[in-house]
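FYI, side chains are in, hydrogens and waters are out, and symmetry mates aren't considered; it's all heavy atoms of this structure. Here is the naming used below: chain letters follow the sequence lines, and residue numbers restart at 1 for every chain.
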There are 2 protein chains.
Amino acid sequence: MPPADPVREPARQRDLRERNLATVLARVAASSTDDGTAPSRAAIAAATGMARGTVSALVDALLLGGLVEELPPPPRTGAGRPANGLRLSGRRVAALGVELGASHVVACVRDLTGAVRARASVDSVDRTGPPERVLGASAELAVGVLADARAQGLDVVGGAWALPGLVDSAAGRLRLAPNLGWRDVDVLALLSAHPGLEGLPLAVDNEAALAAVAELWHPGDSPGGESFVLVTGEVGIGAGVVLDGRPLRGERGWSGELGHVTVDPAGPPCGCGARGCLEAYAGQEALLRRAGLAAERAGADALRRAALAGEALPLAALEQAGRALGVALAGAVNLLDVDAVVLGGACAPLAPWLAGPVRAELAERVLRARLLGVPVRVSATGSDAAVMGAAALVLQRVLDAPAALVA
Amino acid sequence: MPPADPVREPARQRDLRERNLATVLARVAASSTDDGTAPSRAAIAAATGMARGTVSALVDALLLGGLVEELPPPPRTGAGRPANGLRLSGRRVAALGVELGASHVVACVRDLTGAVRARASVDSVDRTGPPERVLGASAELAVGVLADARAQGLDVVGGAWALPGLVDSAAGRLRLAPNLGWRDVDVLALLSAHPGLEGLPLAVDNEAALAAVAELWHPGDSPGGESFVLVTGEVGIGAGVVLDGRPLRGERGWSGELGHVTVDPAGPPCGCGARGCLEAYAGQEALLRRAGLAAERAGADALRRAALAGEALPLAALEQAGRALGVALAGAVNLLDVDAVVLGGACAPLAPWLAGPVRAELAERVLRARLLGVPVRVSATGSDAAVMGAAALVLQRVLDAPAALVA
DNA sequence: CACATAAGTTCAACGACAGAACAAATCTTC
DNA sequence: GAAGATTTGTTCTGTCGTTGAACTTATGTG
């Protein structure tokens, strides 16, 4: 009795073209990331096995759509007619990303090459205000960068908001956000109704998941089909899981709640009501308190300075937080068999003190560690990871389904 | 800088047909599972949006290939020409599954409808012998059921072996199996060379992952796109993860090592070298020892009888094992956002005592539990789960890519 | 300057689906 | 009981997208 599989949609002729457009576009994107060489039509045909004529037709469509451009100076090599190099074009397609950070809001527009073409941020936003107000402020910011981008001739094809908490991205709702004090907010409806955003396709997603997308897009990473868990410690602790180069969504988009994985069932109480959650050890509040820095408002920076100064209490707190993180991550690796662990968000600046204990726990607790170690990397994406990832999410959709923009 | 995505293959015309054959086949399979009704060509066309003529052509191919059959008595309903019902045919295509169990080896052949058409098992196999001997014994068994199936006119299109440990299914190797004492065995090569198995496409996979496939195929489950974690406690504790109706593989096929997720970092030592792994609480050996039954060889049965008799020590051990299981599973649900947790393998008969503590820990430790509870089900698949799943894995490939059998 | 070589374009052919017309089988109604 | 209605299944033409080969273009080599 085979299981029902209602997801399967029939394929039509235009789906063929859709997919092959994406194939060609992916080759252009991959080559420019990999080695800086701009592939020619013939090279793409050879690499994919498609007929040269087909590739030419598809490339023409992509050129016309402004997704791809030809390199004006053809790099000459050996004999024969020189090839026309192709690369992603940053001239037309762009995407908006917005992040509701701990105490600030950031918005940016990235073009198809990933370059940031417009950016704005507001500090000291009152996150505890009603959702309408906070989201409205972010929408204002978005309208501003949109205008900036459009003045550059960019066609912003969509936008994504990075939010902390349990985000139901299919429904466009923020179901639960302890750090914002929100519960079941229809973010998509509020934003879509905002003046200046009407008609723009919008999406919402969890900030950690989007930070993982940013990590995937960041240059310098080992390319292709990679899998990792990215830890993003801001106020809470989240994780973005990437399997086979694709972010793991979960049934409702609520995956990656690493902060509430149990480290010690009899451990200290956590804000969620349980005991011994990772956040109770490595969350910002717990970490600062254990380091004896609770009174100060400075946060992670102060902790970093104290650690650099060699103060005993902060170092002990970081050691313990690293061990707790390692225990939780070991569970994740045992369950998911990802290639690597990446320390991002607030963990990145603290990595000099966290990485050691994390590595030690992973080596001891991951079953496969005997066969294959678990590399611990530090994210090269800065504090803008979530915004960058939000825009990248939209761009990734363009890369996956370019036909809509090629008409 | 978009990430490289080398996985994307170009689509050809025949891929269209391949996929639409699978679409039609999936509809036939789903309807017969869902409600017992046999869909007609017209119904499939209406449901999928394909043209009736196209569906007819595809159905003809499937009929010719022996994957589908028409119901001889057309069920008459209202007005108009009566529809010809279609259902999966068990007459031609079948698949072999083999399991290396704790002390026995089982082999079975299932036809495309999932029905078991041949089965054989050997008890008291010496698992500690060299891989050649143990695998050879399983291959003998397989050859026997293959002959049985072929005598019934079945075309066995492939086989899969369920193995305990870290299985690299892409390479066909068992990398590490503590319970067998094996390390890096080229299972696929050994089996493929066995007389009587030459030429048969074979696969190897982890027993827990395959048990999850069996769970997915078992009638009575909520159909379609479901996601769950299936716990299979035999000697060790494994887990099969299903997301969106598809087994989660992991980068190397080593996912689902729930047994070595940390429950308490300072807990009792585990065979793997770490402390406080789930297996150190709920593994068979640990569980029996804590229940005061270590001396007996009987195993889980004895524990069940003792619990039924109300003995204090066994009940306490089960309570503690259930709590440990709940802690580990809560971590898995937080990370993966699966719909449900399923107790299978040796956990199924002990579910009356395990389910309560598991539910309690999940309710406390899963962040989303406030919004949406985590149902704990007991697997309806019997002790043959892994063999059944092994055969189902091969059948699933047929359902996913039927074109190869339709010529 | 002729030839070799490789890139890119054009075009007939083929495979697959869409949509409409048609045939078949049953029910309904007078 | 016969004609019409209704729904299923088949057939056929049209269209779309890819293939493969022939052709053109642009460059290097002898």
Next item on the list: Kindly check if the number of other-residue, nucleotide or ligand heavy atoms within 6.0 Å of CZ (A:R173) is above 12?
Entry: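 Result for CZ/A:R173: enclosed.
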Next item on the list: Look at atom CZ of A:R92 and say whether more than 12 heavy atoms of other residues, nucleotides or ligands are closer to it than 6.0 Å.
Entry: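 Atom CZ in A:R92 is crowded, with more than 12 foreign heavy atoms closer than 6.0 Å.
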Note to self: If we ignore hydrogens and angles and just use 3.5 Å, is the side chain of A:D111 paired with the main-chain N or O of A:A94 as donor and acceptor?
What the structure shows: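 Pair absent, no side-chain N/O of A:D111 close to backbone of A:A94.
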Notebook entry, point to check: Side chains of B:R41 and B:L86: closer than 4.5 Å at any heavy-atom pair?
Noted result: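 The answer is yes; the side chains approach within 4.5 Å.
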Margin query: Counting C-beta onward and ignoring hydrogens, is there a side-chain heavy-atom pair between A:L200 and A:V157 closer than 4.5 Å?
Written below: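 They are not in contact (no side-chain heavy atoms under 4.5 Å apart), so the answer is no.
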Check whether any side-chain nitrogen or oxygen of [X] sits under 4.0 Å from OP1 or OP2 of [N], and answer yes or no.
X	N	result
A:N84	C:dA7	no
A:R12	C:dA18	yes
A:N20	D:dG17	no
B:S56	D:dG9	no
A:S40	C:dG8	yes

Euclidean distance, atom [atom1] of residue [X] to atom [atom2] of [N] [Å, nearest integer]:
X	N	atom1	atom2	result
B:D60	C:dC17	CG	C1'	15 Å
A:R41	C:dT10	CZ	C1'	14 Å
B:R19	C:dC17	CZ	P	12 Å
A:R14	C:dA18	CZ	C1'	10 Å
A:D15	D:dT18	CG	C1'	15 Å
B:L16	C:dC14	CG	C1'	14 Å

Among [options], the one nearest [X] by side-chain distance:
X	options	result
B:A42	D:dT18, C:dG8, D:dT8	D:dT8
A:R52	C:dG15, D:dT18, C:dG8	C:dG8
A:R17	D:dG17, C:dA25, C:dC17	D:dG17

Check: With nearest nucleotides of DNA chain C determined for B:Q13 and A:G80 from heavy-atom distances, which residue corresponds to the more 5′ nucleotide?
Finding: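 That would be A:G80.
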Checklist line | base_contact_polar (D:dT7 base, B:R81 side chain, donor-acceptor, <3.5 Å) | finding: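 Answer is no: no donor-acceptor pair is held.
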Next item on the list: Take B:A57 and A:E18, find for each the nucleotide of DNA chain D with the closest heavy atom, and name the residue whose nucleotide sits nearer the 5' end.
Entry: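 On the 5' side of the pair lies B:A57.
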